[in-house]
Amino acid sequence: GEMADHYDVYYRVHAQQFGWLGWAKNGESAGTAGYSYRLEAIKVQLVAKGSSAPGATNNPFKTAQISYQTHVQTYGWQAIKFDGKTAGTTGVSKRLEGIKVELRNQSYTGSVQYRTHIQTYGWENGWKSNDAMSGTSGQSKRLEAIQIRLTGEMENYFDVYYRVHAQQFGWLDWAKNGDSAGTAGFSYRLEAIEVKLVEKGKAAPGTTSTPFKTAQISY
């Protein structure tokens, strides 16, 4: 109508965790998806057609791609983390005992699958997927390594990268697409993890040379 010919409508939202996002306009999405974060406030402004925006327009809408949650010694399940943020703890000598991973707002079909190497038991026989727990709870068993991979169309469009914080070693390098991250033969616990989706073929989030450390057996 008349208004649309003469004005652009700009709006921005204040989202839980993120605060004020950038300005969206004329029907674009503003807010978040996949995080279950609430909108806490909104600002709306009319601007003469073609005039500059009232402020920065980058990131009016944030979409989560992958989420994960860790079960930590003493603390139990921690809050869900998204897109490369740290899950678990560092510097307090607490083992990871379990993990759940889930895709959010998928643009393509497929799933995320993951399995862990558990103290006493070794590698889990099957892969877990879609927010099922890998590992144990209530058994005081540490996770020592993990593998994460994508299936279906998701695997064609994304690489899944992950790195772990291991006892004695600290942060190891990034593994991807089913490779092992962690340690074997040391009896060291995993303490934290970060997981991130990257468009297929784009650069890794960081160094990739040593995601997994194996103790050399000496006779």
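We're numbering straight along the sequence, starting at 1.
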Item to check | Side-chain ion pair, Glu144 and Arg142, N-O less than 4.0 Å | outcome: yes

Checklist outcome for this item: Sorted by chain and number, sequence neighbours left out, side chain to side chain donor-acceptor pair (under 3.5 Å) with Ser67 holds for Arg104

Checklist entry - So, are Arg189 and Glu191 salt-bridged, with charged N and O less than 4.0 Å apart? => result yes

Item to check | Atom pair OG1 (Thr89) and CD (Gln78), whose distance is rounded to the nearest 0.5 Å | outcome: 6.5 Å

Item to check | Carboxylate-amine/guanidinium contact Glu199 Lys202, below 4.0 Å | outcome: yes

Item to check | NZ/NE/NH1/NH2 to OD/OE distance under 4.0 Å, Asp131 and Lys100 | outcome: no

Checklist entry - Within the distance-only criterion (no hydrogens, no angle test), does the side chain of Glu124 pair as donor or acceptor with the backbone N or O of Gly135 below 3.5 angstrom? => result yes

Item to check | Atom pair CG/CD1 of Asp83 and Ile66 - distance to nearest 0.5 Å | outcome: 8.0 Å

Checklist entry - In chain order, what residues pass the side chain to side chain donor-acceptor pair (under 3.5 Å) check against Ser111, with sequence neighbours excluded? => result Thr151

Next on the checklist: Applying side chain to side chain donor-acceptor pair (under 3.5 Å) to Ser180 and Gln147, what does each step give before you reach the verdict?
Outcome noted: CA-CA 5 Å; Ser180 297; Gln147 299 169 339; 3.0 Å; yes

Checklist entry - How far does CD of Glu40 sit from CH2 of Trp20, to the nearest 0.5 angstrom? => result 9.5 Å

Item to check | Flag, side chain of Tyr162 to backbone of Ile146, donor-acceptor distance under 3.5 Å | outcome: no

Checklist entry - Between Gln73 (side chain) and Arg95 (backbone), is there a donor-acceptor pair under 3.5 Å? => result yes

Next on the checklist: Here's one to test your reading of the geometry: is the NZ or CZ of Lys196 within 45 degrees of the ring axis of Trp174 and under 6.0 Å from its centre?
Outcome noted: no

Checklist entry - Does any donor atom in the side chain of Thr86 or Glu194 lie under 3.5 Å from an acceptor atom in the other side chain? => result yes

Checklist entry - Under 4.5 Å between any side-chain heavy atoms of Pro54 and Val47, yes or no? => result yes

Item to check | Distance, nearest 0.5 Å, that separates CG of Leu143 from CZ of Arg115 | outcome: 13.5 Å

Checklist entry - Quick one: is the NZ or CZ of Lys62 closer than 6.0 Å to the six-membered ring centre of Tyr35, and within 45° of its axis? => result no

Next on the checklist: Could you see if Met154 belongs to whatever hydrophobic cluster contains Val101? Use Ile, Leu, Val, Met, Phe, Trp, Tyr and a side-chain cutoff under 4.5 Å.
Outcome noted: yes

Checklist outcome for this item: Correct closest heavy-atom pair for Tyr114 and Ile99 would be CE1-O, 3.8 Å

Next on the checklist: Checking the side chain of Ser29 only, and the main-chain atoms of Phe61 only, is there a donor and an acceptor separated by less than 3.5 Å?
Outcome noted: no

Next on the checklist: Please determine whether side-chain contact (heavy atoms from CB on, under 4.5 Å) holds for the pair Glu153 and Glu155, giving the CA-CA distance in whole Å, both sets of side-chain angles, and the decisive distance to 0.1 Å.
Outcome noted: CA-CA 5 Å; Glu153 288 186 338; Glu155 186 183 10; over 6 Å; no

Checklist outcome for this item: Rounded to the nearest 0.5 Å, the NZ atom of Lys141 sits from the OH atom of Tyr121 at a distance of 5.0 Å

Checklist entry - Using 4.0 Å as the upper bound for N to carboxylate O, is an ion pair formed by Lys200 and Asp159? => result yes

Item to check | Value rounded to 0.5 Å, distance of OH in Tyr188 from CD in Gln168 | outcome: 4.0 Å

Next on the checklist: Pair His165, Trp171 - check side-chain contact (heavy atoms from CB on, under 4.5 Å), show working.
Outcome noted: CA-CA 4 Å; His165 190 280; Trp171 286 107; 3.5 Å; yes

Item to check | Aromatic centroids of Phe169 and Phe186 separated by under 6.0 Å | outcome: yes

Item to check | Backbone N/O of Gln65 and side chain of Asn105: donor-acceptor pair under 3.5 Å | outcome: no

Item to check | In one Ile/Leu/Val/Met/Phe/Trp/Tyr side-chain cluster, 4.5 Å: Tyr157, Val160 | outcome: yes

Next on the checklist: Using only atom types and a distance under 3.5 Å, with no angle test, would you say the side chain of Gln106 pairs donor to acceptor with the backbone of Tyr108?
Outcome noted: yes

Checklist entry - Are side-chain N/O atoms of Ser209 and Asp173 paired as donor and acceptor at under 3.5 Å? => result yes

Item to check | Check: Gln139 side chain, Thr136 main-chain N or O, donor-acceptor pair, under 3.5 Å | outcome: no

Next on the checklist: Parallel, tilted or perpendicular: which one describes the rings of Trp23 and Tyr10, with boundaries at 30° and 60°?
Outcome noted: perpendicular

